[in-house]
Amino acid sequence: MSKNSKNFYCLDMFPYPSGAGLHVGHPRGYTATDVFSRYKKLQGYDILHPMGWDAFGLPAENYAIKNKIHPEKVVAENVARFKDQLNKFDLSYDWDKEINTTDPKYYRWTQFIFLKLFERGLAYEAETPINYCPSCKTGLANEEVINGKCERCGTQVVRKNIRQWILKITEYADRLLEDLDGLDWPEPIKEMQRNWIGRSEGSNIVFDIKDSKEKIEVYTTRADTLFGCTYVVLAPEHELIEKLKTQSSNVKEINEYIEKSKNKSDLERTELQKEKTGVELKRINAINPINGKEVSVWVADYVLGHYGTGAVMAVPAHDERDFEFAKKYDIPIIHVIKPSDDINQDQTEVFTDYGILINSAEFDGMTSAEANKKITEKLKSSNHGDFTINFKLRDWVFSRQRYWGEPIPIVHCEKCGIVAVPENDLPIILPHVENYQPVGDGSSPLSNESDPAIAAWLNTKCPNCGGPAKRETNTMPQWAGSCWYYIAYLIMIGNEYIWDRKKIDPWLPVNLYVGGAEHAVLHLLYSRFWHKVLYDEKLVGTKEPFQRLISVGTILGIDGLKMSKSRGNIIDPDPLLEKFGSDALKLYELYIGPFSQPAKWNQNGIVGMHRFLQKVEKLSEIKFSEKNDGSKIIINKAIKKVGEDIESFSFNTAISTLIEAFSDITKNGWDKKSAEVFLTLLSPFAPKMANSVSNKINTSLSTWPEFDEKYIVNEKVTVAIQINGKVRDEIEISINDSEDEIKDIVLNREKVKANISGAEIKKFIYIKDKIISIVV
RNA sequence: GCCCUGGUGGCGGAAUUGGUAUACGCGCAUCACUUAAAAUGAUGUGGCCGAAAGGUCGUGUGGGUUCGAUUCCCACCCUGGGCACCA
């Protein structure tokens, strides 16, 4: 079964129901999807436009801890409040499909998907150094670290070794990258995902070690610079160091250095201002496989252990970092690339661009691209190198040492080790406990056995051998629930969720998905990953979840800054709704500016929309006249323009078209048909007013009108006359007039004659419908 | 540093493939209605010169291509976002 072409799935990124409630910025996206849904419905589509709550996660939990109210209660209260506020906007949501990620019936399936990941070997447990937020007291995913700080609270992240569940998102790196091409998403967001995935084509090159069987394999994208390699560097984590250091004369120094860099956070290690440091593995020499030259071997923390092979060949002449390091430690610098267009370049500096090879034996004179290939091929023939591909994307740290999340459906058995909970035992319900403060030592609050409520949950039987076992106490991150919620709406029947391709396939992929660009590499990457796993499991039928994505621009406070409680610049929609009504507020939400761009709130802006609606209201009092061509032309042009603008999310211009059409027809005279069409065009934006007026004048707004081409084409048009590039006159012409006819008329006009004042006409240009340009 | 946005009146912003820059809304000014104010309606509203007609300068800055550039090209400046020792 595949997507039903009559079905239109119009989806908002579901909100986190925060305690602060809605401000005027939230409904911008909701208003847009509302307009779009209503518009598509008028076109005869079956619309799915659901809403729900992404309610697990830190804010509710932190609020709960602070105010000593259980998160369950906090969430229930916030949801009620949010929903109440949202309803005041008169949005056309299918509330019978309301979902909540904290509902055990819901997270039964979140856990189910985790089991699928586990079965496929895509979820594994590991104790590795990860990013840890000391304030939230939990591990974080790479994507949740912004400039070295916790995405949630802004605290500086530290490195910590904690037992973690990790998802192998890297296994899907290629597909996540490739399938972006087929998506109708904003290019900048695709680009952000591409950069985050960070595919890089290069070569692995093997350096033998002198008087040893060990080898160092490095990754480089610049095999063309291999002749310029004067040392190789191992990351402090590199396992080869253990083997090599015993033979070097400065073991103590090396150990100290490794110990020191272990304690550094990623931020400290990558601080740009920071001077590079490193230690040579003395008496160890590596052999450059291309020319047999011996080079020194170093350990330095400017090389990352988790990328490529954790080792690099250093070419100080053609890499900034190596250059800096080589200068500091007095390592030779050999130039092997010259810029193609500049033979006399100053060879004391670094040159990092591609160019032409020099000092590279038989490769001299080749371009970088050519040499890259040829050098790697030569190495390949002697088993000292090959082409390879690397990704920046790292596996997803998936466990949190926090209470308010989905329990991971795993038990730890003394005999059997890690055992998956059988699907029939799902959901593993998060126990209702009183003590859920985070601990901070890398353990979860759910491992505190001194609390009897926790102990009762924690101690269980192994599903495998029946012996004593303990539940996994880490919980899932907030992103888990939102990874598949667009499917949850489809499989919800009554109050139950039943996974059924017959329900899913007719609606996927989501036709239109609207939300903030801040999720470009978090939610939008994670859910694409899960979706692909579900696709491989044949649990969904499409490779991608969201076909068209539009990002909504943030609405800023009147001070031009992001609205926040602490800045005190939050605009509460309630008084505006009361004074002007939902129609006017929604109109202004969209009229304020281009949809995907940020916009400053202006308290007065809504007034114009209110005035417009008041005028529309008076339509019910006027006497309709006979149809006339003037109004027909206006309304047909409006049908075309408003439809196109809605399709392209240019709501601001759609609304100005409506305003303009209204005042033009008012000047021309309203007939009933024009009024009906106008109200239909208005109805997605201002449904209350449109329907109320339509009732009064006794028409119905059930179908989106089609425009009549013959009223759209202009027969007469006013064009400007330019003389030497300056507008000097304008003239109304019929579009069927020939250029000669027009030339005749134009050149005899008084203003034109005056401006030419007898000079010779060098050129006469007539662009049909647009302009007449005379050059003298 | 790299990648991506955007820069147009007092303000938010319009302008199809290069073709009358400033649509639409806000604000402001004048007028009408009113005892008055609010609300509403009408007219006007980029700068400069001019009584007007009209002229002239104007889309971040400096160049270029073109009969014609907000739009295309080159260099630079600023705003917002993302990434950041990824070899």
Side-chain angles (χ1 to χ4, degrees), chain A residues 146-148 186-196 198-200 202 218-222 225 233 235 266-267 269-272 274 276 300-304 306-315 318-322 324-325 352 390-394 517-518 520-521 551 553-554 556 560 562 587-588 591-594 596-609 611-612 614-615 641 644 650 652-661 663 718-730 751 754 762-776:
Chain A
I146 314 288
N147 283 328
E187 210 41 57
I189 292 197
K190 286 201 209 177
E191 203 50 33
M192 273 163 78
Q193 289 216 353
R194 286 192 191 107
N195 291 339
W196 191 262
R199 186 179 193 271
S200 136
V218 303
Y219 173 72
T220 182
T221 54
R222 293 297 302 270
T225 65
V233 192
D266 255 6
L267 191 78
R269 264 181 72 164
T270 60
E271 201 103 57
L272 267 185
K274 196 205 67 174
K276 294 197 178 2
D301 66 8
Y302 81 90
V303 172
L304 305 171
H306 57 73
Y307 183 77
T309 59
V312 304
M313 61 179 229
V315 185
H318 304 290
D319 181 283
E320 298 274 1
R321 299 151 297 182
D322 299 341
E324 191 194 320
F325 192 83
T352 57
N390 269 304
F391 293 92
K392 281 197 224 173
L393 185 69
R394 291 210 246 166
E518 69 271 20
V521 289
S551 52
T554 325
L556 307 168
K562 211 171 164 183
L587 274 172
Y588 185 59
Y591 190 70
I592 192 166
S596 293
Q597 242 132 264
K600 244 198 293 182
W601 187 258
N602 178 339
Q603 276 301 37
N604 297 323
I606 191 173
V607 173
M609 299 300 110
R611 284 178 192 152
F612 168 56
Q614 281 181 307
K615 287 181 212 162
K641 175 77 171 143
E644 285 169 355
S650 310
N652 53 339
T653 49
I655 294 166
S656 52
T657 302
L658 287 169
I659 296 172
E660 221 173 343
S663 72
T718 304
V719 300
I721 300 169
Q722 288 186 348
I723 295 163
N724 281 346
K726 295 200 186 235
V727 178
R728 298 295 180 185
D729 195 4
E730 56 179 43
K751 272 190 190 169
K762 289 186 183 149
K763 257 188 198 176
F764 185 91
I765 299 162
Y766 168 55
I767 310 290
K768 198 175 177 183
D769 247 6
K770 311 258 178 182
I771 207 157
I772 293 157
S773 186
I774 304 168
V775 188
V776 298

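Labels below follow one simple rule: chain letters A, B, ... track the order of the sequence lines, proteins then strands, and each chain is numbered from 1.
- Distances were taken from every side-chain heavy atom of A:Ser200 (C-beta onward) to each of B:rA87, B:rC4, B:rA14; the shortest belongs to B:rA87.
- Classification of the A:Tyr307-A:Tyr219 ring pair by plane angle, with boundaries at 30° and 60°, yields perpendicular.
- The residue among A:Pro598 and A:Tyr219 whose nearest nucleotide of RNA chain B lies closer to the 5′ end is A:Pro598.
- Between B:rA23 and B:rG9, the two C1' atoms lie 13 Å apart (nearest whole Å).
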N/O contacts under 3.5 Å, protein versus nucleotides 37-47 of chain B?
from	atom 1	to	atom 2	distance (Å)
B:rU40	OP1	A:Arg611	NE	3.4

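- Not one side-chain nitrogen or oxygen of A:Tyr591 sits closer than 4.0 Å to the OP1 or OP2 atom of B:rG13.
- Both distances falling under 3.5 Å, in either a Watson-Crick or a G-U wobble arrangement, occur for no nucleotide opposite B:rU22.
- For A:Glu660, counting side-chain heavy atoms from C-beta on, the closest listed nucleotide (B:rC24, B:rC83, B:rC85) is B:rC24.
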Tabulated below should be each protein N or O lying under 3.5 Å from an N or O of nucleotides 56-58 of chain B; please produce it.
from	atom 1	to	atom 2	distance (Å)
B:rU56	OP2	A:Arg728	NH1	3.3
B:rC57	OP2	A:Lys726	NZ	3.0

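- Using a 3.5 Å distance cut-off with no hydrogens or angles, the side chains of A:Tyr302 and A:Asp322 do pair a donor with an acceptor.
- Under the 4.0 Å criterion applied to side-chain N and carboxylate O atoms, A:Glu191 and A:Arg194 are assigned as salt-bridge partners.
- Base-pair partner of B:rU35: not found among the strands shown (Watson-Crick or G-U wobble, both distances under 3.5 Å).
- When the side-chain nitrogen and oxygen atoms of A:Thr657 are compared with OP1 and OP2 of B:rC24, none of them lie within a distance under 4.0 Å.
- The same atom, P, is picked in B:rC67 and in B:rG62; the two are 23 Å apart, to the nearest Å.
- Side-chain proximity of A:Met609 to B:rG13, B:rG25, B:rA87: nearest is B:rG25.
- Taking the syn range as angles within 90° of 0, the glycosidic angle of B:rG54 is outside it, so the base is anti.
- Contact annotation: side chain of A:Lys762 to base of B:rC67, donor-acceptor pair absent below 3.5 Å.
- Comparing B:rG13 with B:rG58, their P atoms sit 24 Å apart, to the nearest whole Å.
- A:Val312 comes within contact range of at least one nucleobase, with a heavy-atom separation under 4.0 Å.
- The partner of B:rU70 is absent, by the rule that a Watson-Crick or G-U pair needs both atom distances under 3.5 Å.
- Residues A:His306 and A:Arg394 have side chains that bring a donor and an acceptor to within less than 3.5 angstrom of each other.
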Please tabulate the protein-to-nucleotide N/O contacts below 3.5 Å involving nucleotides 17-20 of chain B, giving atom names and distances.
from	atom 1	to	atom 2	distance (Å)
B:rU17	O4	A:Lys770	NZ	2.5
B:rG19	N2	A:Gln722	OE1	3.3
B:rU20	O2	A:Glu730	OE1	3.2
B:rU20	N3	A:Glu730	OE1	3.3
B:rU20	O4	A:Thr718	O	3.1

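- For the pair A:Asn604 and B:rG25, the criterion of a side-chain N or O lying under 4.0 Å from OP1 or OP2 is not met.
- Listed nucleotides: B:rC4, B:rC85, B:rC67. Nearest to the side chain of A:Val775: B:rC67.
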